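All values derive from a computational prediction rather than experimental measurement. Numbered from 1 within each chain, the chains take letters A, B, ... in sequence-line order.
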Amino acid sequence: MTARLRRDPAFVLAAAILGAWVAVALLAPQLAPYPSDLQLDLTRLRESAPSAAHWFGTDGVSRDVLSRLLVGARVTLLMGAIAVGTSLGLGVLWGSAAALSPLWLDRLLMRTIDACLAFPRLVLLLSVAAAFGQLPPIPLAVVLGATGWFGTARLVRAELRALAERSWVVAARALGAPEPRILRRHVLPALVGPLAVAASLALAAVVPLEAGLTFLGFGVRAPAASWGSLLAEAADRPDALWWMVLFPALALVSVVASATVVGDRLRRHFDLGDRA
Amino acid sequence: MGRAAVVRLLHALGVIAVVVTLTFALARLLPGDPFASIADHPSVDAAWRARLRTTYGFDEPLLAQFVRWCGAVLRGDLGYSFSAQRPVRELLAHALPWTLLLSSVALTVGGVLGIALGSGQAVRRGGWADRLTGSTTLVLASIPDVVVATAVLVLFGQRLRWFPIGGATGLDGGGAGDVARHLVLPAATLALLVAVTLARFHRAAMVRGADADYLLAARASGLSRWRIFWRHALPNAIAPTLTVIGVLLPILLTGTIFVEKVFAWPGMGSVLANAVLARDYHVVTAVALLSTTAVVVASAAIDALLAWLDPRTRAR
Amino acid sequence: MTTPFFEVRALSVSATSATLVAPVDFAIAPGRSLALVGPSGAGKSTIARAILDLLPRGLTRRGSVWLDGVAIHDGSGPWRARRIGALFQDPTTALDPLMRIGAQIAEVVRAGGERDHRRAARIAIDALAELGIDAPDARARQYPHELSGGQRQRAALARALVLRPALLIADEPTSALDVTTQAQFLAALDRRRGTDGLAVLLVSHDLAVVAAHAEEVLVLAQGAVVERGRTTDVLRSPQHAITRALCALHAPSAPRAPHHPSDGAPIIATQRLTKHFPVAAGWRTTHTALHAVDDVTLSVHPGEVLAIVGESGCGKSTFARLLPRLLEPTAGAIHSGARDVRALNGPALRRWRASTQLLLQESAASLDPMRTLDDAIREGLRLHAADAPHTHDARVRAAADAVGLGRALLDRPPAQCSMGERQRAALARALVVDPDVLILDEPTASLDAVAADHLLAQLAAIQCARTLTLIVITHDLGIVRRLATQIAVMYLGRVVEHGPAAEVLATPAHPYTRALLDAVPGAAGVPIAGDVPSPLAPPSGCVFHPRCTRPDRNDDCTRRIPPLLDIAPARRAACWRAAPALPETLA
């Protein structure tokens with residue numbers, strides 16, 4: 001079944017891009033041509049356009065943009081991973097609680113999810129920002145995840161409910177298998193696909209959201225540097241400092257578009273239709 | 001109005017009740033209260049803050065506060081904005097029409113554009129036009145909303161100076177024409193964001209339905225491609241697309257906030273962003289409550305419309 | 001007529017890399033019918049679509065299609081649409097769900113040149129009436145979901161024929177219909193052949209339908225014609241292996257005699273077994289009950305093969321799930337020997353389920369997609385076998401051999417196997433735990449004729465070798481003839497007739513059994529009218545009375561529910577008029 005995905009060029013390309021970024025994030029200090037925080041020459045190298053020595057140019061305090069972009073991948077992807085992990089965890093917990101609950105509790109839990117889904121995510125995030133002020137990257141990532149798990153909860157509940165009626169689950173019951181074993185061997189493994197879809201789409205949602213928050217001044221603050229903060233540094237004069245906008249934006253697009261493609265193809269592969 | 005519509009309405013009321021509860025919980029669970037943020041103000045000492053807390057009932061049990069808060073919300077009393085020095089209701093009453101104007105124009109233009117793009121892609125699926133549109137919408141949908149907005153602002157507003165930017169009116173506060181000119185760039189940005197998202201979903205909906213036997217039969221019985229598209233393929237794909245619009249509404253609202261902030265459009269998004277910077281509690285809570293309620297009402301309306309459009313649910 | 005008026009010359013279809021259909025020639029004269037038959041993937045539908053110019057993107061057509069001496073080419077769309085009607089398989093999507101039936105037909109009339117809207121609507125209603133659809137005015141104003149599957153397919157036929165085409169291309173038009181509605185549909189089609197001289201190109205996998213409704217047949221396999229000729233000749237002496245396999249499924253075989261005399265203790269006995277599903281309905285969600293299984297008393301003896309026959313919605317699948325208690329009965333009892341099955345729980349219930357294996361209707365989908373076939377078959381052994389795990393390998397292989405599943409397949413996940421292979425793996429999984437009873441729910445529903453024939457042959461062999469007790473749920477009387485020793489006929493949740501297969505098939509006592517036999521393609525009888533009523537609101541009295549054609553039916557039939565009573569030794573029927581010797585005390 002994975003053979004079909006492996007033959008899909010769009011999926012392969014997207015997965016390769018995501019894999020490459022993970023490798024870059026892990027090896028960033030080794031790959032970066034300059035230390036990412038080093039102010040190279042405040043007098044002569046401020047805001048210099050791309051050149052042979054500095055492929056992606058330098059920023060307002062003469063730091064190498066390429067190096068900052070590579071190291072920024074660490075912050076952006078780590079935050080993305082933490083946010084996705086948080087939202088999957090909460091979604092699985094809530095969704096499976098609802099699926100296994102008696103009807104009245106299930107209804108209550110799902111009504112709550114309906115209400116949460118109606119909250120614009122940015123409003124929730126800004127409420128938290130109003131309460132806490134500036135958050136360090138990792139707690140911010142947790143908050144990002146904590147505002148985005150409602151759809152996952154709904155998906156997990158729907159999948160668990162549907163799986164209980166799937167014919168291979170009924171067949172295992174007909175074979176005389178005890179319920180815990182059915183859950184362990186036939187239900188939970190089948191949840192992996194939908195969760196992979198949810199994870200890719202969550203990543204595609206959370207990375208631009210972090211960038212947007214940072215851009216507005218509520219996200220990642222110096223000294224930490226994410227792609228969003230690189231963009232934000234050029235926010236005042238994006239046309240004059242085009243290299244400080246273009247390259248981080250391209251990096252963002254490559255990750256988000258790849259995650260979207262991976263999620264879309266997985267959804268089609270696992271035949272989830274509109275459910276995820 | 002069929003029964004399905006009434007059921008949807010009751011369901012929406014239930015969801016709104018949960019929304020009100022959650023908003024209250026959000027406001028109370030997060031650390032600090034409205035008076036913590038005015039702590040820096042030199043004229044406010046500890047005793048004065050304590051008196052404020054008593055006046056506003058913050059020392060009562062949580063349940064009593066909740067009941068009081070619900071009562072206030074029902075009366076339309078959303079609290080007082082300490083940063084703007086006026087009641088929250090006045091603040092929002094001023095901002096709401098601007099947001100409604102911006103988002104309704106953007107949703108209409110973007111919705112039509114998205115459906116047109118998605119339909120065009122589905123009709124020519126697999127061809128180069130489909131692929132090109134598909135990759136373009138994918139890339140555009142992947143750029144953070146703020147970056148798109150900033151790019152539009154700088155390119156068309158500052159470089160080319162095609163349209164005025166910053167606020168909804170010029171300094172002299174001109175008439176409808178002036179507002180319309182100011183509206184173009186933010187509305188176009190938001191419409192673009194709506195269209196690229198919607199096009200992908202609508203294309204998928206059209207493609208999913210493309211194998212139905214009735215479409216084959218329609219082609220075999222000599223109906224024109226145009227008629228098959230307008231009378232059969234599009235109406236059957238519109239329902240899933242409308243559903244998606246309902247689901248996307250909160251995401252579109254997030255886009256609205258970003259766009260308003262970037263273009264300094266005087267709507268709810270700008271009010272919210274400024275309130276967050278000033279840590280103005282009542283405003284944040286009120287915006288959360290209002291925007292979420294709007295989403296619930298709008299998606300209930302969409303559901304009712306869907307139930308009415310589909311004869312399978314209309315009868316019931 | 002010397003020149004056939006519809007002719008296909010050297011028609012072939014190819015994708016970029018492969019040829020899907022090798023060049024094929026055939027001709028159909030007015031009023032005649034030609035059938036394309038073959039296993040799935042043989043290219044039957046591709047030919048039909050190539051003629052209609054409806055090939056999916058990427059496929060190209062070569063050769064020519066002639067109608068009345070005129071070659072049809074890409075530009076002749078409107079003309080072709082008037083002369084060739086088309087009908088497809090799936091009644092659920094045959095009509096646009098968002099448009100009234102009448103409007104959909106009138107739309108075709110207008111595309112055919114009629115300008116006047118009122119006249120087009122009138123023609124649409126006439127087209128419905130012509131096909132024997134009752135209350136055509138009312139039907140025209142209805143939406144497709146308000147019609148039953150059979151009515152919908154006939155409305156789709158009305159649309160296909162409204163322009164009075166010379167040729168109808170029907171792609172598996174009845175494979176989703178029940179036997180009685182299939183008979184109604186085919187009768188309507190045959191009438192139009194007689195009255196209008198309509199020529200029909202029938203695509204089908206069902207040789208029984210073809211035998212009764214097509215004069216000529218083309219057998220296809222893997223995109224090429226392997227055999228052709230007059231239907232009667234081809235069916236009498238099939239030459240090609242594929243044709244022989246197709247024929248075998250519906251070969252008129254004598255029903256089997258009971259394997260053992262039906263005395264001794266039954267292996268499964270139900271008493272007044274009932275299952276109602278609550279259905280939320282109405283404003284305050286008052287619950288009405290869906291009567292899935294109503295008051296069923298049946299017993300099965302060791303070694304018997306009981307076929308439970310009926311149309312969709314008659315409750316036979318629910319009954320199948322009640323026996324291993326995958327569903328809890330609402331009322332009634334299940335006994336096995338002295339054991340009260342309803343009292344079992346925990347490990348005892350799981351052992352009961354193992355000894356009464358159920359093969360689900362969609363059993364090809366009943367294999368966990370994440371696990372290999374070997375793993376699936378082995379699961380039962382892990383759960384129930386007392387012997388050491390190292391002996392399991394041999395038992396898995398033995399089970400695979402018994403169902404004819406190649407050992408090389410065992411390491412594959414289900415997605416890499418054909419439907420037939422998956423079905424056999426599901427059968428092996430059921431057999432490996434040595435059940436006493438095997439319940440098969442529509443075992444051939446997802447298989448093409450060749451795979452179905454293969455499976456039935458294996459089932460018969462296994463049943464003889466192990467003296468297994470089989471309960472076969474089916475709507476297909478061909479399967480009944482091949483396997484069953486006993487028959488129970490169900491209608492709307494009730495057993496209406498029960499007895500030895502040979503006797504029931506030869507002399508049906510209940511009018512519904514007779515209607516089922518008459519609906520078999522090629523049977524001489526007149527198909528009964530109407531559809532199976534909703535199990536939410538079954539008719540009063542005898543549930544069959546609204547469709548009953550017995551001349552001697554009376555008020556009893558509409559007022560009182562007939563009990564299942566002995567009418568002859570070992571035969572029972574639930575009909576007031578079938579048991580003339582009814583004791584007065586009971587009546």
Side-chain angles (χ1 to χ4, degrees), chain A residues 10 107-108 111-133 151 204-205 207-218 227-228 231-232 234-235 237-240 245 248-250 252-261 264 267-268 273-274, chain B residues 11 14-19 21-23 26-27 30-32 37 135 138-139 141-147 150-151 154-155 158-159 200 204 208 240 243-244 247 249-258 261 269 272-273 275-281 284-285 287-288 291-293 295-296 299:
Chain A
R107 284 218 174 127
L108 182 66
R111 257 344 133 253
T112 312
I113 289 294
D114 287 344
C116 291
L117 275 168
F119 276 94
R121 196 169 178 181
L122 191 61
V123 171
L124 278 180
L125 285 169
L126 290 179
S127 309
V128 177
F132 288 101
V207 168
L209 202 55
E210 178 265 313
L213 270 183
T214 305
F215 203 85
L216 286 185
F218 304 115
W227 292 341
L231 279 171
R237 292 175 297 143
D239 46 340
V245 177
L250 282 180
L252 270 173
V253 167
S254 71
V255 166
V256 177
S258 302
T260 310
V261 169
D264 265 4
R267 168 166 49 191
R268 205 178 308 164
D274 286 337
Chain B
H11 176 250
V15 173
I16 288 176
V18 181
V19 165
T21 315
L22 285 178
T23 312
L26 190 71
L30 294 173
S37 55
S135 346
L138 177 63
V139 167
S142 301
I143 308 176
D145 301 352
V146 264
V147 177
T150 310
V154 169
L155 184 63
Q158 293 177 352
R159 287 296 128 207
R200 295 192 22 247
R208 257 203 310 279
T243 312
V244 164
V247 175
L249 278 178
I251 298 174
L252 299 181
L253 232 95
T254 293
T256 312
I257 296 171
F258 279 129
K261 174 70 184 155
L272 178 65
V276 170
L277 283 176
R279 306 185 69 180
D280 195 338
Y281 237 82
V284 175
T285 314
V287 173
S291 55
T292 310
T293 309
V295 168
V296 173
S299 50

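With a 4.5 angstrom heavy-atom cutoff, A/Thr112 touches chain B via backbone and side-chain atoms both. With a threshold of 4.5 angstrom between heavy atoms, B/Ser299 does not approach chain A through any atom at all. Residue contact with chain B, scored on non-hydrogen atoms closer than 4.5 Å, involves the side chain of A/Leu124 exclusively. Contacts between B/Val139 and chain A at a heavy-atom distance below 4.5 Å involve backbone atoms as well as side-chain atoms. Contact of A/Leu213 with chain B is made through the backbone alone, with heavy-atom distances under 4.5 Å.
Side chains of A/Val261 and B/Leu138 form a contact here, defined as non-hydrogen atoms less than 4.5 Å apart.
Between A/Arg111 and B/Val15, the shortest heavy-atom contact is CD-CG2, 4.1 Å. The heavy-atom pair separating A/Asp264 from B/Arg200 by the smallest distance is OD2-NH2, 3.4 Å.
Chain B forms the most heavy-atom pairs under 4.5 Å with one residue out of A/Thr260, A/Val255, A/Leu252, and that residue is A/Thr260. In terms of heavy-atom pairs under 4.5 Å with chain A, the best-connected choice from B/Asp145, B/Ile16, B/Thr21, B/Val18 is B/Val18.
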Under 3.5 Å, side-chain donor or acceptor atoms of residues 115-122 of chain A against the rest of the protein: list the pairs with distances, not counting sequence neighbours.
| from | atom 1 | to | atom 2 | distance (Å) |
| --- | --- | --- | --- | --- |
| A/Arg121 | NE | A/Thr147 | OG1 | 3.3 |
| A/Arg121 | NH2 | A/Leu144 | O | 2.9 |

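To the nearest 0.5 Å, atoms OG1 (B/Thr150) and CG (A/Leu231) are separated by 8.5 Å.
Annotation: salt bridge (Lys or Arg N to Asp or Glu O under 4.0 Å) contacts of A/Arg107 (sequence neighbours excluded): none.
Between A/Ser127 and the options B/Thr23, B/Thr285, B/Val284, B/Val276, a side chain to side chain contact (heavy atoms under 4.5 Å, CB included) holds for only B/Val284.
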